[in-house]
Structure formats: C-alpha cells, structure tokens
2 protein chains.
Amino acid sequence: MKGKPDYNIPEPTLRRLPRYYNYLKALLNRGREVVSCTHIGKDLELDPPQIRKDLAYTGIRGLPKVGYQVEELIKSIEDFFGWNNIDEAFLVGVGNMGRALIDYKGFSRYGFKIIAAFDNDSEVIGKTFNGIEVLALNKLTSLCKRMNVHIGVIATPDHAAQEVADMMIAGGIIGIWNFAPAEIRTPEGVIVQNENLAAGLSVLCKKLQMLKQSGKIRQEVIE
Amino acid sequence: MKGKPDYNIPEPTLRRLPRYYNYLKALLNRGREVVSCTHIGKDLELDPPQIRKDLAYTGIRGLPKVGYQVEELIKSIEDFFGWNNIDEAFLVGVGNMGRALIDYKGFSRYGFKIIAAFDNDSEVIGKTFNGIEVLALNKLTSLCKRMNVHIGVIATPDHAAQEVADMMIAGGIIGIWNFAPAEIRTPEGVIVQNENLAAGLSVLCKKLQMLKQSGKIRQEVIE
DNA sequence: TAGAAATCGAGAAAAATTTATCGATAAAAA
DNA sequence: TTTTTATCGATAAATTTTTCTCGATTTCTA
Ligand SMILES: NC(=O)c1ccc[n+]([C@@H]2O[C@H](COP(=O)([O-])OP(=O)(O)OC[C@H]3O[C@@H](n4cnc5c(N)ncnc54)[C@H](O)[C@@H]3O)[C@@H](O)[C@H]2O)c1
Ligand SMILES: NC(=O)c1ccc[n+]([C@@H]2O[C@H](COP(=O)([O-])OP(=O)(O)OC[C@H]3O[C@@H](n4cnc5c(N)ncnc54)[C@H](O)[C@@H]3O)[C@@H](O)[C@H]2O)c1
C-alpha cells in the first residue's frame with residue numbers, strides 16, 4: 001500500500017470513502033483537528049485496520065499515536081475522487097425521483113451537476129426546476145454530443161430505461177446512473193451504476209424477518 | 001445447499017435476488033415459462049453457478065436441461081422475502097425524497113407500505129400525498145407504539161437524522177431505512193439500512209475517471 | 001431406444017475482502 | 001531522559017464471496 005493510489009480499488013472501499021467523508025466533514029464542523037482510525041471505527045462501527053487501508057488508497061499518510069489531520073484527510077478524499085472537477089450530467093425522466101435529484105443541492109459536494117433534464121411528457125417539458133429547464137426527449141442525443149456530456153441519469157419508468165439508455169449512448173454517454181428497476185444492455189465501455197432502492201429495502205426487511213425468527217428481538221418491542 | 005433456506009445468507013445474494021425478481025417478472029410478461037441460469041446469466045451478465053447458488057437460497061429446485069419454471073421461481077423469491085405479508089412503515093421528512101417514496105407505487109410488490117408520514121414543518125403537516133396525511137413529528141413515538149409499526153424511513157436532512165431515529169426507536173422501531181447522509185447510532189437489536197445515493201454516484205464517477213485515465217475510452221466519444 | 005446436449009446440484013478452488021498481528025514511531029507521562 | 005501508550009503501515013491469516021469442475025439427470029435427436 002504505497003502513497004500513490006492504484007487503479008484496482010475494491011468497490012466496498014469506494015462505497016465507504018464517501019461515508020468517511022461525510023463523517024469527517026461533520027467532525028470538522030465540530031472543531032476537531034485530528035482523528036485516528038480507532039476513533040472513526042468507534043463511531044462508524046468499522047474495524048480500524050480496514051479504515052486505515054481504505055484511507056491509504058487516497059494517498060494520505062497518518063502519524064503514529066496521533067492519526068490524521070481531519071482537514072488534510074478530507075482534502076485527500078476530495079482529490080482522490082476528483083470532486084473539484086465538476087462532472088456534468090443529463091437527467092431523463094422528470095417525475096418524482098427525477099425532480100428530487102434535480103432539486104438536491106447535496107451533489108455539488110461530490111463534483112456532480114445535472115445541467116439539463118429531458119422528458120417525453122408535454123406537461124413537464126418547458127417547466128423549470130432548480131434553474132434547469134425540461135427539454136423534449138428528442139433533443140437528448142444531439143445535445144449530448146454538442147455539449148460533450150458523458151454522464152446520464154435515468155429516472156424514467158422501467159419500460160423506458162433501455163430506449164433512453166440507447167439514446168444516451170448514441171450521444172456519447174459512457175456512464176449511466178440508473179434508478180429504474182430494469183436491466184440495461186450496453187456496449188463495452190459503458191458503465192452502468194444501478195441504484196436499486198428495492199434491493200436495499202429487501203435487505204432490511206429480510207434481516208428484520210431473520211431477527212424476528214431468531215427470537216433475538218428487543219424486549220420492549222413485543223410490548 | 002439444501003432446499004430449506006438457512007439464516008446466514010450473503011448480503012450480495014440478498015441484493016441480487018430482487019434483481020432476478022424484476023427480470024423474471026419482465027420475462028413472465030413476455031410469456032416465457034421456463035428459464036435456465038445460463039439464460040439469466042447472459043441477460044444479467046452474471047455467472048450461472050452464482051445465480052444457481054443465489055436461487056437455491058430461496059429453496060427452489062431446478063430441472064437439469066430445462067431450468068426453472070419462471071412462475072414458480074418468482075413465487076419462491078416472494079415467499080423467501082415474505083412479500084405477501086405486508087410490512088408497514090412510517091416515514092419522516094416529507095420533502096422531495098420523502099414524497100417520491102410516499103408516491104411510489106412500486107414498493108407494494110415488495111410487501112412494503114408506508115402508512116403514515118411525519119414532518120416538523122407546518123407547511124406540509126396536514127397535507128395529503130398518495131392518501132397519506134402528514135402528521136406532526138411529536139406524534140411519531142406514541143403512534144409507533146400504538147400502531148405497532150416496526151420500520152421507519154428517514155428522509156429528513158442529515159442534521160435531524162439522529163434525533164428522528166431516537167424517536168423511532170423509543171416507539172419500538174427496529175428497522176430504519178435511512179436516506180440521510182448521516183451516521184446513526186442505535187442500540188443493539190436495531191437494524192439500519194443506509195441508502196447512500198452519493199456512494200453510488202461516487203463509484204460511478206470514480207470508475208469513469210479510471211476508465212478515462214486508462215485510455216480505454218470508446219473511440220466515438222472523444223469525437 | 002441409444003447417444004448427444006444442456007443444465008442442475010454439490011463441492012472444490014480461486015479470488016476478493018475483512019480481520020488480526022506485529023514491529024516501528026511519535027507523543028505523553030514518569 | 002526513559003518508559004509507557006496509542007497508532008500507524010505492512011503483512012499475514014481468516015473469512016467471505018465468486019468462479020470452476022464434475023458427476024447426475026433430463027430432454028432432444030437420430
Ligand atoms: N419514486 C421512488 O421512490 C422510486 C423508488 C424506487 C425506484 N424508483 C424508480 O425510479 C424511476 C422514476 O420513478 P418516479 O417515481 O420518479 O416515477 P414518475 O412516474 O414520477 O416519473 C417518471 C417520469 O418519466 C417520464 N417518462 C416516461 N417515459 C419516458 C420516456 N420514454 N422518456 C423520457 N421520459 C419518460 C414521465 O413523463 C415522468 O415524468 C422509476 O423507474 C421507478 O421505478 C422510484
Ligand atoms: N433529494 C435527493 O435527490 C437526495 C439525494 C441523496 C440524499 N438525499 C437525502 O435525503 C434526505 C431528504 O432529502 P430531500 O431532498 O427530500 O430534502 P428536503 O429538504 O426536500 O426535505 C426534507 C424534509 O424534512 C423535513 N424535516 C426537517 N427537519 C425535520 C425534523 N427534525 N423532523 C421531521 N422532519 C424534518 C423538512 O420539513 C422537509 O420536509 C436528506 O438527508 C438528503 O441529504 C436526498
């Protein structure tokens with residue numbers, strides 16, 4: 001584990017790093033200057049060696065007996081992900097989820113910005129949300145090309161997902177953040193990140209079911 | 001891998017099963033009666049033995065040379081998760097995300113139902129979304145107890161997450177589906193499922209960055 | 001009805017990920 | 001100044017998850 005980040009980073013690590021980031025930001029707000037993996041581990045219920053390994057991927061080095069400078073660590077994670085260079089994205093499907101994503105201010109922290117939205121419903125086309133005008137779907141491909149946008153967000157119903165993905169890819173999009181519960185077929189070189197909320201929900205409910213069956217449920221709950 | 005499901009199921013399996021489910025539902029709609037792991041594997045880009053192993057957890061048995069009955073397989077997954085018994089939940093934080101979740105019809109398929117919503121903003125309290133009236137936050141704990149609800153959804157800003165979680169837990173909630181990018185401390189016996197959208201986004205953007213750096217980007221994209 | 005082809009289930013092997021260990025080092029305490 | 005303590009980085013061990021292998025079974029074809 002050398003200082004320089006390598007290019008074979010475990011996906012679980014990639015998912016934990018933003019968690020550390022949020023946590024560290026909160027820590028900084030509370031005025032903390034240094035933090036150790038032991039300390040982080042207590043709050044996040046993770047093992048210190050794992051945290052150390054994760055953080056090392058960003059290229060930071062800690063100090064024995066002390067830990068890391070919080071500010072430096074935050075910067076290290078930001079640089080690792082490149083959150084200072086903004087990734088611009090198009091979003092398709094301006095329904096409930098699409099609007100939530102468009103309105104959300106929190107993504108700017110992650111160097112992510114939705115710069116245009118598309119829909120095929122004339123009711124929403126022309127409307128503006130968070131300063132972003134909703135355009136007609138048929139402009140998607142050409143605008144992708146023209147504006148050199150490489151990331152697309154799919155927030156349409158599942159049955160439209162493949163069609164929309166195809167239009168995006170035709171426009172040169174190589175990264176798709178997909179909220180529709182549908183399988184998208186893409187050519188080599190296109191990365192699809194499925195945001196399957198139902199999967200998270202299912203895991204929760206199943207764990208709960210197993211907890212209940214094991215009889216280890218909290219006393220006070222079963223009245 | 002016996003017929004009966006065991007109680008030590010890998011989480012990746014738990015996350016893949018709803019994916020198979022969606023896929024199989026779509027397959028059934030198109031009139032398909034049987035399907036093999038080889039076939040599923042092609043469409044979902046997964047290895048057949050893994051799919052076989054995943055499906056075996058639900059207790060189903062396939063037939064050599066044939067595969068599985070699609071309908072039977074769907075039912076097997078439903079039974080495994082217990083999607084026929086409805087899990088009722090309370091949601092707190094009726095903003096963009098909260099409303100998207102309340103309005104979403106798709107969760108009924110997963111035996112999940114939001115039966116009440118809470119907020120602390122008088123602007124939203126009293127309003128109704130998808131037949132669900134928004135109640136004042138101070139009624140949360142007592143109503144949890146009274147209605148014997150065990151699942152809570154947090155869709156408030158991050159700074160309110162811990163406070164809301166505490167109120168839920170006081171009311172007897174043992175499963176929390178958390179959309180706020182905040183760490184929630186809970187006592188033993190409470191399961192927290194963090195739905196960290198920023199993590200998914202970060203993974204996508206980082207993969208894209210690595211793809212670009214590796215020079216393996218699609219020709220047609222770099223004009 | 002015999003042989004070929006496809007697929008399953010089970011278990012082994014490989015790979016990835018997490019957890020544990022240990023010497024080195026910096027800070028604090030004696 | 002010396003000792004003690006906490007923590008790091010690196011590496012090793014353990015665990016989990018994925019991938020591979022192979023004999024058994026069922027269907028299809030000839
Ligand atoms: N809302 C949720 O909480 C939630 C949860 C899990 C998954 N999802 C998934 O996210 C996606 C969006 O959900 P939603 O609740 O916002 O749905 P929605 O019905 O509110 O919005 C869908 C939008 O897509 C537009 N659309 C439909 N077909 C289109 C097409 N071919 N091209 C462009 N736009 C098209 C519609 O006009 C509409 O504006 C769905 O696939 C849904 O299954 C949503
Ligand atoms: N919208 C998105 O796309 C998105 C993406 C990622 C994460 N999130 C997270 O999901 C959460 C909700 O996001 P949103 O966009 O819906 O925010 P929002 O601001 O639209 O809604 C937040 C709601 O919570 C209510 N609220 C605030 N404090 C409360 C309290 N103490 N008790 C009860 N209710 C309270 C507010 O009145 C408001 O109705 C946030 O934590 C956000 O970071 C949202």
Side-chain angles (χ1 to χ4, degrees), chain A residues 1-17 19-20 24 27 32-70 72-73 76-77 80 199 203 206-207 210, chain B residues 1-17 19-20 24 27 32-70 72-73 76-77 80 199 203 206-207 210:
Chain A
M1 205 107 315
K2 285 293 158 47
K4 275 289 171 63
D6 77 28
Y7 296 103
N8 191 25
I9 300 146
E11 189 156 326
T13 295
L14 249 27
R15 294 193 68 93
R16 278 190 301 266
L17 282 169
R19 235 185 115 193
Y20 300 141
L24 292 165
L27 221 55
R32 196 164 178 104
E33 293 187 353
V34 292
V35 69
S36 71
C37 290
T38 320
H39 187 107
I40 301 177
K42 268 208 192 84
D43 286 345
L44 269 56
E45 299 188 43
L46 291 170
D47 287 318
Q50 174 163 87
I51 299 170
R52 216 168 279 139
K53 208 171 264 192
D54 288 340
L55 297 180
Y57 277 108
T58 70
I60 199 159
R61 293 192 65 88
L63 221 59
K65 172 81 184 188
V66 180
Y68 308 83
Q69 296 291 320
V70 176
E72 200 186 330
L73 192 42
S76 183
I77 296 174
F80 171 77
V203 170
K206 185 65 192 180
K207 282 184 178 172
M210 295 193 293
Chain B
M1 206 106 314
K2 286 290 159 46
K4 275 287 173 60
D6 75 28
Y7 295 104
N8 192 23
I9 300 146
E11 190 156 323
T13 295
L14 249 27
R15 295 193 68 93
R16 279 190 298 266
L17 282 169
R19 233 183 116 194
Y20 301 140
L24 292 165
L27 220 56
R32 197 167 177 102
E33 293 187 354
V34 293
V35 68
S36 71
C37 289
T38 320
H39 188 107
I40 301 178
K42 268 209 192 83
D43 285 346
L44 269 56
E45 300 186 46
L46 291 170
D47 286 318
Q50 174 162 86
I51 299 170
R52 217 168 278 138
K53 210 168 262 193
D54 287 342
L55 297 180
Y57 277 108
T58 70
I60 199 158
R61 293 192 65 89
L63 222 60
K65 171 82 186 190
V66 180
Y68 308 83
Q69 297 291 322
V70 177
E72 200 186 330
L73 192 42
S76 183
I77 296 174
F80 170 78
V203 169
K206 184 67 191 177
K207 282 183 178 171
M210 295 192 295

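Atom set for the values below is all heavy atoms of this structure, side chains included, hydrogens, waters and symmetry mates excluded. Each chain gets a letter, A, B and so on, in the order the sequences are listed, and its residues count up from 1.
Nucleotide dT16(D) holds its P atom 11 Å from the OH atom of Tyr57(B), rounded to whole Å. Summarising the geometry, the separation between CG on Leu17(A) and P on dT17(C) is reported as 13 Å, rounded to the nearest angstrom. The CD1 atom of Ile60(B) sits 11 Å away from the P atom of dC8(C) (whole-angstrom rounding). In this structure, Gln50(B) places its CD atom 5 Å from P of dT18(D), rounding to the nearest Å. Look at CD on Glu11(A): it is 16 Å from C1' on dA15(C), rounded to the nearest Å. Rounded to a whole Å, the CD1 atom of Ile40(B) is 12 Å from the C1' atom of dT7(C). In this entry the distance linking CD1 of Ile51(B) with C1' of dT7(C) reads 13 Å, nearest Å. When rounded to the nearest whole Å, the span between CG of Leu46(A) and C1' of dA20(C) equals 16 Å.
Nearest nucleotide to the side chain of Arg61(A), out of dT26(D), dA10(D), dT18(C): dA10(D). Listed nucleotides: dA10(D), dC8(C), dT7(D). Nearest to the side chain of Thr38(A): dT7(D). The Arg52(B) side chain lies nearest to dC8(C) when the options are dC8(C), dG9(D), dA26(C). Proximity note for Tyr68(A) (side chain, C-beta onward) versus dC8(D), dT17(C), dA27(C): the nearest is dC8(D). Out of dA27(C), dC8(D), dT18(C), the shortest distance to the side chain of Lys53(A) is found at dT18(C).
Side-chain contact between Leu14(B) and Phe80(B) is present, with at least one heavy-atom pair separated by less than 4.5 Å. Arg16(A) has its side chain out of reach of Leu44(A): every pair of non-hydrogen atoms, C-beta onward, lies at least 4.5 Å apart. Using a 4.5 Å cut-off on side-chain heavy atoms (C-beta onward), Val35(A) and Tyr20(A) make no contact.
Leu73(A) pairs with exactly one of Leu27(A), Leu24(A), Val34(A) by the side chain to side chain contact (heavy atoms under 4.5 Å, CB included) rule, that one being Leu24(A).
Between Val66(A) and Ser36(A), the shortest heavy-atom contact is O-CB, 3.9 Å.
Contact between the side-chain N/O atoms of Arg16(B) and the OP1/OP2 oxygens of dT18(D) is found at a separation under 4.0 Å.
Two residues, Pro49(A) and Pro64(A), neighbour DNA chain C, and the one matched to the more 5' nucleotide by heavy-atom proximity is Pro49(A). Between Lys65(A) and Asp47(A), the one whose closest nucleotide on DNA chain C sits nearer the 5' end is Asp47(A).
Within the nucleic acid shown, Pro10(A) comes within 4.0 Å of sugar-phosphate atoms alone, with no base atom in reach, counting heavy atoms only.
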